[in-house]
Amino acid sequence: MDVHVALPNGHRGVTLGQLTEITEVAEALGFSGVWPLDHVLVGPDLKDRYPWVIEPLTLLGYLAARTKRVRLGTSVIVLGMRNPFVVAKQAATLDLLSNGRFTLGLGAGYSEPEFRNIGASAVWHTRGKRLDEAIRLFRHLWSGAPGPFDGQFYKFEEGYFGPLPPQGERLPILIGGGSDAALKRAATQGDVWQSTGLDPDGFREKAEKVRFLAEGRRVELGARTSLIGDPDTVLAKVRAFQKASAEHLCAYFGSTVEEFVPGMRTFAREVMPGL
């Protein structure tokens, strides 16, 4: 199983120095990747959880220059709040900066007040359809095809996109979420599916649905969770997710930013050997 670090870029007061240290330690200890989350201008529903978020794509550009091996990904970009043509360019550039280590994690979003705050209210009710179409747009642009692309929401007749990402049109796309629409999207268009907020039993149920909908198409299955506690408890949780068919975990290693590095070191020393 691959174990990634869910970067705490949404913790109030977190500094660039702390995020850099966590990332560099993750690479040194052999973790598979680091994954920041995304919010832009949260409303009252999320003001206590995400009032402070360091923008993930900009952050990963910085971290790409500080690392050589660890994978860099978003978990996840709320695409409906962003221009997909710009995101396609940002993803291609991040892949270039990291020498092909980038995974673009995407989600439809769940906070209508945040969409309203940034002037995207008109997008809210079509955000799922727009995300499906944007994924097709990304593949088209990353392939180097000059056009046309004729979608319901996004279109152009002739355009030239370069430089292409080192991973090309197969730059991995991760789909986050547990709704039926997200599971179908992951199964039919994504390379990776990642759950959030599920225990191993809940994960198993959703993962089986993704595999059923994929009809033999290869989709990596993973879970975003926390790995906090004594080593035996953490190891048991990891094994439970493994038994539920998870191929990766993207994990928080502390309730506070200060707990992350000690938690990661303990995991590497006392849990990784048991895997």
Side-chain angles (χ1 to χ4, degrees), residues 2-79 81-82 86-87 90-91 93-99 101-107 109 111 113-114 117-118 174 176 194 196-197 224-229 234 248-269 271-272:
D2 290 332
V3 180
H4 303 258
V5 178
L7 284 180
N9 64 308
H11 281 230
R12 187 192 297 270
V14 67
T15 67
L16 179 59
Q18 289 172 316
L19 295 171
T20 301
E21 180 187 14
I22 291 169
T23 299
E24 292 177 341
V25 170
E27 180 161 82
L29 292 177
F31 286 89
S32 299
V34 293
W35 300 73
L37 55 78
D38 178 43
H39 282 287
V40 178
L41 186 64
V42 299
D45 57 329
L46 296 176
K47 68 180 178 67
D48 295 326
R49 291 181 62 189
Y50 299 118
W52 176 299
V53 177
I54 294 178
E55 200 283 319
L57 294 172
T58 310
L59 172 63
L60 289 177
Y62 177 82
L63 296 177
R66 303 294 296 261
T67 55
K68 294 182 178 179
R69 180 200 60 81
V70 73
R71 192 146 194 94
L72 308 172
T74 52
S75 178
V76 293
I77 292 295
V78 184
L79 193 65
M81 298 194 298
R82 297 168 181 261
V86 176
V87 173
Q90 291 171 317
T93 302
L94 276 169
D95 204 43
L96 184 66
L97 292 174
S98 64
N99 294 314
R101 290 184 285 132
F102 181 61
T103 296
L104 179 61
L106 302 170
S111 174
E114 187 170 12
N117 278 352
I118 67 161
L174 175 149
Q194 190 177 94
T196 183
R224 188 179 176 99
T225 187
S226 62
L227 295 175
I228 302 170
V234 170
H248 81 258
L249 294 179
C250 178
Y252 281 100
F253 286 90
S255 299
T256 66
V257 174
E258 291 75 17
E259 294 172 349
F260 263 67
V261 168
M264 291 159 57
R265 292 192 186 282
T266 298
F267 183 92
R269 182 177 62 250
V271 178
M272 276 186 181

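In this structure, the separation between OH on Y62 and OG1 on T20 is 4.0 Å, given to the nearest 0.5 Å. Rounding to the nearest 0.5 Å places CG of L104 at 8.5 Å from CG of L174. Taking CG of L7 as the start and SG of C250 as the end, the distance is 8.0 Å to the nearest 0.5 Å.
Across all non-hydrogen atoms, the minimal contact from I77 to P56 is CD1-CG, 3.7 Å. When all heavy atoms are compared, the tightest approach of G73 to L60 is O-CD1, 3.6 Å. For the pair Y252 and P8, the tightest heavy-atom approach, listed with the atom from each and the gap, is CE2-CA, 4.2 Å. A pairwise comparison of heavy atoms in G107 and V76 identifies N-CG2, 3.7 Å as the closest pair. Shown here for V78 and G109, the closest heavy-atom pair between the two residues is CG1-CA, 3.6 Å. Of all the heavy atoms in P113 and G43, the pair that sits closest is CB-CA, 4.2 Å.
Ionic pairing of E27 and K68 is not present here: no N-O contact between side-chain nitrogen and carboxylate oxygen is shorter than 4.0 angstrom. Ionic pairing of D38 and R82 is present here: one or more N-O contacts between side-chain nitrogen and carboxylate oxygen are shorter than 4.0 angstrom. Using a cutoff of 4.0 Å between basic side-chain nitrogens and carboxylate oxygens, R49 and E114 are not scored as salt-bridged.
F31 and F253 have perpendicular rings, their planes meeting at more than 60° on a 0 to 90° scale where under 30° would count as parallel.
If you run side-chain contact (heavy atoms from CB on, under 4.5 Å) between L19 and each of V34, V257, L59, only L59 comes through.
A donor-acceptor distance shorter than 3.5 angstrom exists from the side chain of R101 to the backbone of T67, with no hydrogens or angles considered. For the pair N9 (side chain) and E55 (backbone), a donor-acceptor distance under 3.5 Å is absent. Judged by distance alone, the side chain of Q194 and the main-chain N or O of R224 form no donor-acceptor pair under 3.5 Å. Without hydrogens or angle criteria, H4 side chain to G33 main chain gives a donor-acceptor distance under 3.5 Å. In this structure, the side chain of N117 engages the main chain of L41 through a donor-acceptor pair within 3.5 Å. Counting only distance, with no hydrogens or angles, the side chain of T74 and the backbone of G105 share a donor-acceptor pair below 3.5 Å.
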Test side-chain contact (heavy atoms from CB on, under 4.5 Å) on V25 and F260; report intermediate values, then the result.
CA-CA 10 Å; V25 170; F260 263 67; over 6 Å; no

Applying side-chain contact (heavy atoms from CB on, under 4.5 Å) to S255 and I228, what does each step give before you reach the verdict?
CA-CA 8 Å; S255 299; I228 302 170; 4.0 Å; yes

Take H11 and W52 through the test side-chain contact (heavy atoms from CB on, under 4.5 Å) and record every step on the way to the result.
CA-CA 6 Å; H11 281 230; W52 176 299; over 6 Å; no

Give the intermediate values and the outcome of side-chain contact (heavy atoms from CB on, under 4.5 Å) for residues L72 and L97.
CA-CA 11 Å; L72 308 172; L97 292 174; over 6 Å; no

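In the displayed structure, R12 atom CZ is contacted under 6.0 Å by at most 12 heavy atoms of other residues, nucleotides or ligands.
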